[in-house]
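For reference, the structure is listed below as structure tokens.
Both backbone and side-chain heavy atoms feed into the values below; hydrogens, waters and symmetry mates do not.
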Amino acid sequence: DCVPASVANERDFSVCKEWPAYPVLIINAKSERVPAPENTEMIASYDLDVSVLKDGQTDPIATHHQASAFKTDGIAFRELALDTARYTLAPELRAFGVRVQFTNGSRLIPLEETHLSLYVRDGAKLRPVLQRLVVYQYGGEWDGECTGERYETTRTVEIAKTSSHGYADLIIKTRQTGTTNVVKGDDCEDKTSVGSPVLTTIHYDGKSYVLPKGFQAIE
């Protein structure tokens, strides 16, 4: 098993994973917290470093660095994970994903989001071709007893048979669920509505995949 790169403190994140599509390659992702000038507890930004290296070697063969990749203001960075699903974008090109999860930890006004970015190797560089697609979102408002509303959105990514600028189009399947709780006499009743899946095809414009409004995480 691979060993994640070391981090400076407990609020930093570091993960690694073998790349099944290329058994000799290891993917690393590391995100380090940069406190805000005000030195407040909840406001900070996180740099992101992603790299690919050959198994048994220490020097990466391809890297990507992004300063202030994520910002936290009233929310917490909970998890960093690698996604090695079959993101085959061209006959000889496979992407991998980086997922980040955020939460505000509130019981009364909860919020949780997971974002997905896809990277491809371009020589000695790793290039992001899909940036911060919101693949999971949960939120709502609750009075602490019964009355409240909650919503949940999940998205999955499928590879289309069509292509744009040499890269496969991506089909985003969105499912939305809403729940309302109200007091009825001595009971607390809930009503759940489940929307039909919605399919959205996104296209590569020569540099990256273009996301519709509401699909991309707010910086």
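Inter-residue side-chain proximity for Val100 and Phe77 is flagged as met; some heavy-atom pair is nearer than 4.5 Å. Residues Ile172 and Glu158 fail the side-chain proximity criterion, which asks for heavy atoms closer than 4.5 Å. Using a 4.5 Å cut-off on side-chain heavy atoms (C-beta onward), Val135 and Thr156 make no contact. Counting only heavy atoms from C-beta outward, the side chains of Ile61 and Leu53 never approach each other to under 4.5 Å. Contact annotation: the side chain of Tyr209 never approaches that of Val157 to less than 4.5 Å [non-hydrogen atoms, C-beta and beyond]. For the pair Thr174 and Thr154, the minimum side-chain heavy-atom distance is 4.5 Å or more. Residues Thr200 and Leu170 have side chains not in contact (no heavy-atom distance under 4.5 Å, counting atoms from C-beta outward). Here the side chains of Val52 and Leu126 are in contact, with some heavy-atom distance below 4.5 Å.
Side-chain N/O atoms of Asp83 and Tyr87 include a donor and acceptor closer than 3.5 Å. Side-chain atoms of Thr201 and Asp169 form no donor-acceptor pair, as typed in the model, at a separation below 3.5 Å. At a cut-off of 3.5 Å, with distance as the only test, no side-chain donor of Arg99 or Thr114 sits close to an acceptor on the other residue. The closest side-chain donor-acceptor pair between Glu112 and Gln101 falls under 3.5 angstrom.
Taking each heavy atom of Pro60 and Ser51 in turn, the nearest pair found is CB-CB, 3.9 Å. Taking all atoms of both residues into account, the shortest heavy-atom contact from Pro128 to Gln131 is CB-CG, 4.0 Å. When all heavy atoms of Leu118 and Ala95 are compared, the closest pair comes out as CB-CB, 4.4 Å. Annotation for Ser31 and Asp47: closest pair OG-O, 2.8 Å, computed over non-hydrogen atoms. Closest approach of Ile109 to Glu141, counting heavy atoms only: CG1-CG, 4.3 Å. The two residues Ala29 and Leu80 make their nearest non-hydrogen contact at O-CD2, 3.8 Å.
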N/O donor to acceptor pairs below 3.5 angstrom from side-chain atoms of residues 176-194, sequence neighbours left out:
{"from": "Thr179", "atom 1": "OG1", "to": "Thr192", "atom 2": "OG1", "distance (Å)": "3.3"}
{"from": "Asn181", "atom 1": "OD1", "to": "Arg150", "atom 2": "NH1", "distance (Å)": "2.7"}

Under 3.5 Å, which donor-acceptor pairs link side chains of residues 14-26 to any protein atom two or more places apart or in another chain?
{"from": "Ser14", "atom 1": "OG", "to": "Ala5", "atom 2": "N", "distance (Å)": "3.1"}
{"from": "Ser14", "atom 1": "OG", "to": "Ala5", "atom 2": "O", "distance (Å)": "2.6"}
{"from": "Lys17", "atom 1": "NZ", "to": "Thr84", "atom 2": "OG1", "distance (Å)": "3.3"}

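Cluster membership check: Leu116 does not share its hydrophobic cluster with Leu111, using side-chain heavy-atom separations under 4.5 Å among Ile, Leu, Val, Met, Phe, Trp and Tyr. Following chains of ILVMFWY side-chain contacts shorter than 4.5 Å, one cannot reach Leu82 starting from Leu89, and the two form parts of different hydrophobic clusters.
Atom CZ of residue Arg78 and atom OG1 of residue Thr72 lie 14.0 Å apart, to the nearest 0.5 angstrom.
In this structure, Arg155 is positioned above the aromatic face of Phe215, its NZ or CZ under 6.0 Å from the six-membered ring centre and within 45° of the axis.
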**Request:** Walk me through it: do Arg11 and Tyr46 pass the test side-chain contact (heavy atoms from CB on, under 4.5 Å)?
**Result:** CA-CA 10 Å; Arg11 293 195 179 185; Tyr46 282 82; 4.2 Å; yes

**Message:** As a quick check of understanding, evaluate side-chain contact (heavy atoms from CB on, under 4.5 Å) for Thr103 and Ile75, giving each step before the final call.
**Reply:** CA-CA 5 Å; Thr103 180; Ile75 59 174; over 6 Å; no

**Item:** From CA spacing to verdict: side-chain contact (heavy atoms from CB on, under 4.5 Å), Leu48, Phe70
**Value:** CA-CA 8 Å; Leu48 176 66; Phe70 319 117; 4.0 Å; yes

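For the pair Arg132 (side chain) and Val134 (backbone), a donor-acceptor distance under 3.5 Å is absent. Looking only at distances, no side-chain donor or acceptor of Asp49 sits under 3.5 Å from a matching main-chain atom of Lys30.
Scored by the salt bridge (Lys or Arg N to Asp or Glu O under 4.0 Å) test, Asp122 finds Arg127 as partners (sequence neighbours excluded). Not a single salt bridge (Lys or Arg N to Asp or Glu O under 4.0 Å) links Glu149 to another residue, sequence neighbours left out.
Each ring-ring contact (aromatic ring centres under 6.0 Å, His included) pair with one or both residues in residues 108-143, not counting sequence neighbours, appears once here: His64-Tyr119, Phe96-Tyr119, Phe102-His115. Sorted by first then second residue, the ring-ring contact (aromatic ring centres under 6.0 Å, His included) pairs that include residues 152-186, not counting sequence neighbours, are Tyr167-Tyr204.
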